[in-house]
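First up is the structure itself, then whatever we jot down about it.
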Amino acid sequence: MSENPYPNYSPGLQGIIGGVTKISKIVSDTSSLTYRGINVHELAENGSFEETAFLLLHGYLPNSHQLSDFKQRMAAESALPDEVISALGLLPKHMHPMDALKYAYSLLAGFDEDYEAMDHDANVRKGERIVAKGPTVVAAAYRIMNGKEAIAPDPELSIAANFLYMLHGEKADDFTVKVMDASLTLYAEHTFNASAFACRVTVATLSDIYSGIVTGIGTLKGPLHGGANEKAMEMLLEIGDPDNAEEWIRSALAQKKKIMGFGHREYKKRDSRAIYLTKIGKEIGERKGETKWGEIASTLERVMETEKNIHPNVDFPAAYAYYLLGIPIELYTPIFVIARNSGWAAHAIEQLDNNRLIRPTCIYDGAEGVEWKPIDQR
Ligand SMILES: CC(C)(COP(=O)(O)OP(=O)(O)OC[C@H]1O[C@@H](n2cnc3c(N)ncnc32)[C@H](O)[C@@H]1OP(=O)(O)O)[C@@H](O)C(=O)NCCC(=O)NCCS
């Protein structure tokens, strides 16, 4: 990164307070992440993604009656309009599923019965519909773009189980569903990250919540943000064998390469989500008798820590956990969308509940007093 000559400017807005939130909190020193005050490890271990989504959207944990109603609403809202399914068939087959998601959510806005409503309750209802449709959109887009028929959601299944069912056409075992569910909880929300902030900027103009979600998806796609989980798996596949790992990482660092799935703006020690998922990723490897990804990961983690004091973030263990579960690599970032829809919607609602246009200032560093020249004199 080049030297910053401006004392009042923080490149990348590092350390700048971008707003006030009640949704989630990161404590870097203790590697802790809480959603509405509750530790994410507890939510991932003991709760379900549905409880997490409810917590983020409504602000409190549901009781059994509220959770059961919420699950019914999720089931009722999970199917896609036929028009959206047909429209997904028009997309170029080489398009990344993240681009298909931007398109699908743009269309879904027009099918929402609260399309024009902007009050708090309407925004919560829209947030719920956005979350409910996440697994269906991702699975349908992937299947259609791969020349297969979309599979309708099963109203009896949880969000995690339904996604795996609609993706593969058969119900997943309990362990696979539990891992998927926990990963959705861990991916659901993360304070003022780039996509949540972008989502807030969008709705702060009094644009609608779907526009905020589309902004969020576009922002998440990049490899410095959500796209890192796909790039991390491509890197692990390139390394291929634990015996290659040490030489590979040392050579990459010597070439000043960015190692995908490592580093974080907010955590200077371990990413709290990565601590949880590393344990799970290694457990899946042992259950499946395929421990090599965990072994390669351990070498990379050791060298990154000793050489750079940089630790894995959530995207690193998520990559090999999803790989071991048989998820196609181009769906790793879209799965992040299934989860993060709940966090983005919570941010959009919070922003709109107490809105002020977000419009920072900047330092002008360009030419001054340039003389206008008619076109034939340029
Ligand atoms: C997440 C990330 C964008 C945070 O960026 P940031 O706070 O702006 O920090 P920077 O990119 O400026 O990095 C600061 C220093 O650490 C180094 N660094 C940070 N992440 C690194 C990584 N993954 N691999 C190698 N070096 C890294 C940078 O090269 C830089 O070193 P320098 O000061 O010698 O130039 C960054 O760590 C990164 O690019 N990680 C890889 C992508 C990724 O996994 N993203 C998902 C995040 S959840």
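Bear in mind the structure is a predicted one, so any value in this text is a computation, not a measurement. FYI, side chains are in, hydrogens and waters are out, and symmetry mates aren't considered; it's all heavy atoms of this structure. Counting starts at 1 for both ligands and their atoms, following the listed order.
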Check whether any side-chain N or O of Asn229 sits under 3.5 Å from a backbone N or O of Ala319 as a donor-acceptor pair, and report yes or no.
no
With a 4.0 Å cut-off on N to O distance, would you call Lys126 and Asp114 a salt bridge?
no
Would you mind checking if Glu283 and Lys279 are paired as a salt bridge, meaning a charged N to carboxylate O distance below 4.0 Å?
no
Please list, in number order, the atoms of ligand 1 under 4.0 Å from a heavy atom of Ala228.
43 (C), 44 (O), 45 (N), 46 (C)
Answer yes or no: is there an ion pair linking Arg125 with Glu113, defined by an N-O contact shorter than 4.0 Å?
no
Ligand 1 versus Asp271: contacting region, heavy-atom distance under 4.0 Å:
neither
Is a salt bridge present between Lys231 and Glu234, judged by a nitrogen-to-oxygen distance below 4.0 Å?
yes
Using a strict 4.0 Å cut-off to heavy atoms of Lys257, name the atoms of ligand 1 that fall inside it.
25 (C)
Would you say Met304 contacts ligand 1, with heavy atoms under 4.0 Å as the rule?
yes
The atoms of ligand 1 lying under 4.0 Å from a heavy atom of Lys308, numbered in the order shown, are 26 (N)
Side chain, backbone, both or neither: which applies to Asn313 and ligand 1 if a contact is any heavy-atom pair less than 4.0 Å apart?
side chain
With only distance considered, is Val314 within less than 3.5 Å of ligand 1 through an N or O on each side?
no
Can you list the atoms of ligand 1 that are under 4.0 Å from a heavy atom of Gly261?
43 (C), 44 (O)
Please classify the His225 to ligand 1 contact at 4.0 Å (heavy-atom distances, strictly less than): side chain, backbone, both or neither.
backbone
Quick check on contacts: which atoms of ligand 1 are under 4.0 angstrom from a heavy atom of Asp315?
46 (C), 48 (S)
Would a line drawn from the ring center of His190 to the ring center of Tyr267 be shorter than 6.0 Å?
yes
Regarding Lys268 and Asp29, does a basic nitrogen lie under 4.0 Å from an acidic carboxylate oxygen?
no
With respect to atom 29 (O) of ligand 1, which of Lys258, Lys268, His190 exhibits the smallest heavy-atom separation?
Lys258
Taking the ring of Tyr332 and the ring of Tyr323, is the distance between their centroids below 6.0 Å?
no
Any N or O of Met260 closer than 3.5 Å to N or O of ligand 1:
no
Sub-3.5 Å N/O-N/O distance, Ile259 and ligand 1:
yes
May I ask you to decide whether Asp99 forms a salt bridge with Lys221, counting only side-chain N to carboxylate O separations under 4.0 Å?
yes
Gly12 to ligand 1, any heavy atom closer than 4.0 Å
no
Could you see which bit of Lys256 sits under 4.0 Å from ligand 1, with heavy atoms only: side chain, backbone, both or neither?
neither
Between Lys133 and Glu77, does at least one N-O distance fall below 4.0 Å, as a salt bridge requires?
yes
Contact check, Pro223 vs ligand 1, heavy-atom distance below 4.0 Å:
yes
So for Gln14, does at least one of its heavy atoms come nearer than 4.0 angstrom to any atom of ligand 1?
no
Ring pair (Phe, Tyr, Trp, His ring centres under 6.0 Å), that's the test. Do Phe192 and His347 meet it? Break it down for me.
CA-CA 9 Å; Phe192 269 47; His347 277 283; 5.6 Å; yes
